[in-house]
Asker: 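A single structure is presented below for examination.
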Amino acid sequence: MKTKASVVIIGGGIIGCATAYYLAKSGMNDVIVLEGSDHIGNGGSSRNGGGVRQSGRDVRELPLVMYGIKNLWPTLSDELEVDCEYHQDGNLRLGKNEEHAKILTKLADNARKAGLDVRMIDGDEVRQINPYLSHEVTVASWCPTDGHANPLTTTLGYYKMARRLGVTFITGEPVKELRVIKGKIRQVITPNNVYEGESVLVAAGLDSRQILSTVGIDIPMVKSLLEALVTEAQPHMFDQMLGTAEADFYGHQTKHGSFVFGGSSGMERFNKDNGTPVTNSKTAPCICRGIMKYFPDLKNAKIVRTWAGYMDASYDGVPSLGTIDEIDGLFVACAFHGHGFGIAPAASEQLAKLILSGTTDISLDEFRYDRFKAKI
C-alpha cells in the first residue's frame, strides 16, 4: 500500500476529492486521499440538498462562489464525464409577511453590493416564475444565476476523474493524529499506517477539529443535525432552487421528477447520538406541513425516504480555508456550515493552486483559520 506522497488529503468528501482532482489536473498526481469511513462522500457531501447558490450567503463567501458558478459549474458535467444534474434556473427565497420581507431585503441588498444579480419581487411576479406557489407567498428574492445539482454524482465524478489521473484513495483509514517534525508537517497517523507527505490538507468535516487539535490548532465548530426527504416521482413542475426567509424548508425537483427537501423541526437537537445521524420522527411531518402551505399541489406526494447528516457549523457561519501559519505544509478546509457543496468546485480549485504555488486567484483572506484569535 502506498504510504508516501507529495500531498496527503484527509477526507474523501467533495472537497477532498475535488482538490485531489485539481491537483492532478495541474500535473501533481502524487496524492493520497484518506477517508475514515468505508465510502467516498459518506458525510455531508452525499446528505445535502444540492443547492448551488449565491443568494442568501454571507457576503464573505460571494467572490468564491460567484467565481465557481461563472467558471466551473457550467462545464463540470462534461469535464467530469458524469451527469452532475446541474440546473442554473434561479433561486427563489420565499416570504409571507413584512418580517420575511425585511430579512430577504437585507440579504439581497448586501449581495448586490458585492456584485450579485439579485432583486426583490412581489407575490405576483413570484407566481409568474413559478405558478405552483400558493398565494400565501407575498414576497421573494430572485437570483436568476443560482441553481442546484446532484451532490452524490458530483462528488463521485471528482473521485472517478482524480483516480483516472493517478490519485490514490484509501477508505477505512480514520486519521488519529498529525505529527510535526522540525516545524513542518510530515506524518499522518491512522490505526493501521503512518503516511508521509510534503503537504497535508485536512478536509474531514467535523473530524477536522479533533485531527487539528493533535498539533495544537483549534477551529471553533460544532455539529448540527440537518434532515432531508425525497418524494416519489412527480410530473415536471419547475426547475428553480427554493428556500425561505426563515428556512422552513429548502429544495428542488430533480431531473427524475422526485422532490428533495430539507428542513428542521427543532427536535433534531434531542435525537439520541450514537455516532450515526438518524432522523427524528417529527421532522418530516413538520417539513411537509410547511411545504404544503407553499405548494398545495404536493399534498398527496408520498415520501420515499428520509435521511439526516451532520453539518460542521462554524462559529461565524463561514468556512476556514487556507494555510496554517504555525506549521509549514499544513492546509485546512473545514467548517463549511452547510454551504460546502455549491462552493466546493471553486474552493477546491483555489486550494489546489495554493498548495502548488502558494497563491490563489480569489482571495481566501476572509476564511483564515486564525480570525478567531484575540487581537493583541
Side-chain angles (χ1 to χ4, degrees), residues 7-19 32-37 39-48 58 60-61 155 171-180 185-191 195 197 199-226 268-269 271 273-277 308-341 343-344 347-348 351 354-355 364-374:
V7 181
V8 176
I9 296 174
I10 304 170
I14 190 169
I15 297 294
C17 292
T19 304
I32 295 173
V33 179
L34 302 175
E35 166 56 35
S37 77
H39 306 287
I40 295 296
N42 190 49
S45 296
S46 60
R47 300 174 188 270
N48 66 82
D58 189 295
R60 291 171 289 181
E61 293 181 330
T155 300
T171 57
E173 280 284 77
V175 172
K176 299 301 182 184
E177 183 183 352
L178 303 176
R179 284 183 187 167
V180 175
I185 194 69
R186 192 64 193 175
Q187 295 181 336
V188 177
I189 315 300
T190 74
Y195 296 89
S199 299
V200 173
L201 169 64
V202 180
L206 282 166
D207 292 332
S208 299
R209 188 173 195 178
Q210 188 281 323
I211 293 168
L212 290 165
S213 72
T214 64
V215 288
I217 302 299
D218 185 43
I219 295 176
M221 58 176 169
V222 297
K223 66 181 181 181
S224 177
L225 191 70
L226 299 179
E268 298 86 359
R269 293 177 297 160
N271 283 17
D273 184 3
N274 62 358
T276 301
Y310 288 121
M311 174 176 74
D312 47 346
S314 70
Y315 176 77
D316 62 349
V318 299
S320 291
L321 300 173
T323 56
I324 300 293
D325 290 345
E326 294 93 330
I327 303 171
D328 186 25
L330 183 58
F331 301 83
V332 65
C334 64
F336 280 87
H337 208 84
H339 304 161
F341 174 64
I343 206 172
S348 301
L351 284 166
L354 185 65
I355 292 169
L364 301 181
D365 288 346
E366 294 284 4
F367 311 116
R368 285 187 57 85
Y369 73 100
D370 59 359
R371 65 186 183 271
F372 308 106
K373 290 185 176 180

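Computation of the quantities below employed the complete heavy-atom set of this structure, encompassing side-chain atoms and omitting hydrogens, waters and symmetry-equivalent molecules.
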Asker: Is R209 salt-bridged to D312, cutoff N-O under 4.0 Å?
Answerer: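 D312 and R209: not salt-bridged.
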Asker: Of all heavy-atom pairs between I15 and A203, which one has the smallest distance, and what is that distance?
Answerer: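 So the two residues come closest at CG2-CB, 3.9 Å.
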Asker: Would you give the length of the straight line joining atom CZ of F331 to atom CG of L321, rounded to the nearest 0.5 angstrom?
Answerer: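 So the gap between those two atoms works out to 12.5 Å.
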Asker: Give the minimum heavy-atom separation between I327 and I185, together with the two atoms involved.
Answerer: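 Where I327 meets I185 most closely, the heavy atoms are CG2-N, 3.6 Å.
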Asker: Apply side chain to side chain contact (heavy atoms under 4.5 Å, CB included) to D316 and list each qualifying residue two or more places apart in sequence or on a separate chain.
Answerer: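 With neighbours one apart ignored, the set is R60, S314, V318, R371, F372.
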Asker: If you take all heavy atoms of I343 and H339, which pair is closest and at what distance?
Answerer: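 Shortest heavy-atom separation between I343 and H339 comes out as CG2-O, 3.5 Å.
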Asker: Within a strict 4.5 Å, meaning less than it, do heavy atoms of the I189 and L178 side chains meet?
Answerer: no
Asker: Look only at the side chain of S45 and the backbone of I14, and say whether a donor-acceptor pair between them is shorter than 3.5 Å.
Answerer: yes
Asker: Taking all non-hydrogen atoms of both residues, which atom of I40 and which atom of G12 are closest, and how far apart?
Answerer: CG2-O, 3.3 Å
Asker: Just how far is it from atom OG1 of T19 to atom CD1 of I355, taken to the nearest 0.5 Å?
Answerer: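 Between atom OG1 of T19 and atom CD1 of I355 there are 6.5 Å.
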Asker: For a quick test of reading the model, state the closest non-hydrogen atom pair linking R47 to A308 and the distance between them.
Answerer: NH1-O, 3.1 Å
Asker: For E173 and T190: C-alpha separation, side-chain torsions, deciding distance, then whether side-chain hydrogen bond (donor to acceptor under 3.5 Å, both in side chains) applies.
Answerer: CA-CA 6 Å; E173 280 284 77; T190 74; 3.2 Å; yes
Asker: Check whether any side-chain heavy atom of L206 lies under 4.5 Å from a side-chain heavy atom of M311, and answer yes or no.
Answerer: no
Asker: Are V33 and V8 side-chain neighbours, meaning at least one heavy-atom pair lies under 4.5 Å?
Answerer: no
Asker: Can you check whether Y195 reaches I32 side chain to side chain, under 4.5 Å on heavy atoms?
Answerer: yes
Asker: Checking side-chain contact (heavy atoms from CB on, under 4.5 Å) for the pair I219/C334: CA distance, chi angles, key distance, verdict?
Answerer: CA-CA 9 Å; I219 295 176; C334 64; 3.9 Å; yes
Asker: Does any non-hydrogen side-chain atom of V175 lie less than 4.5 Å from one of D207?
Answerer: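 They are not in side-chain contact.
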Asker: Do F367 and P319 come close enough that some side-chain heavy atom pair is under 4.5 Å?
Answerer: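 Yes, at least one pair of side-chain atoms sits under 4.5 Å.
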Asker: side-chain contact (heavy atoms from CB on, under 4.5 Å) with Y369: which of L212, D218, D325, L330?
Answerer: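 Going through the options one by one, the only one that passes is D325.
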Asker: Quick one: are I10 and I211 in side-chain contact, heavy atoms under 4.5 Å?
Answerer: yes
Asker: Checking side-chain contact (heavy atoms from CB on, under 4.5 Å) for the pair I217/E326: CA distance, chi angles, key distance, verdict?
Answerer: CA-CA 9 Å; I217 302 299; E326 294 93 330; 4.0 Å; yes
Asker: Is there a side-chain contact between V332 and L201 in this structure, where contact means two heavy atoms from C-beta onward sitting under 4.5 Å apart?
Answerer: no
Asker: Determine, step by step, whether R179 and E177 satisfy the salt bridge (charged side-chain N to carboxylate O under 4.0 Å, His left out) criterion, reporting the C-alpha distance in whole Å, the side-chain angles of both residues, the deciding distance to 0.1 Å, and the verdict.
Answerer: CA-CA 7 Å; R179 284 183 187 167; E177 183 183 352; 3.6 Å; yes
Asker: Just how far is it from atom NE2 of H337 to atom OG of S320, taken to the nearest 0.5 Å?
Answerer: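 Answer for the NE2-OG pair, H337 versus S320, is 12.0 Å.
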Asker: Grab the two heavy atoms, one from G317 and one from E61, that are nearest each other, plus how far apart they are.
Answerer: O-OE2, 4.1 Å
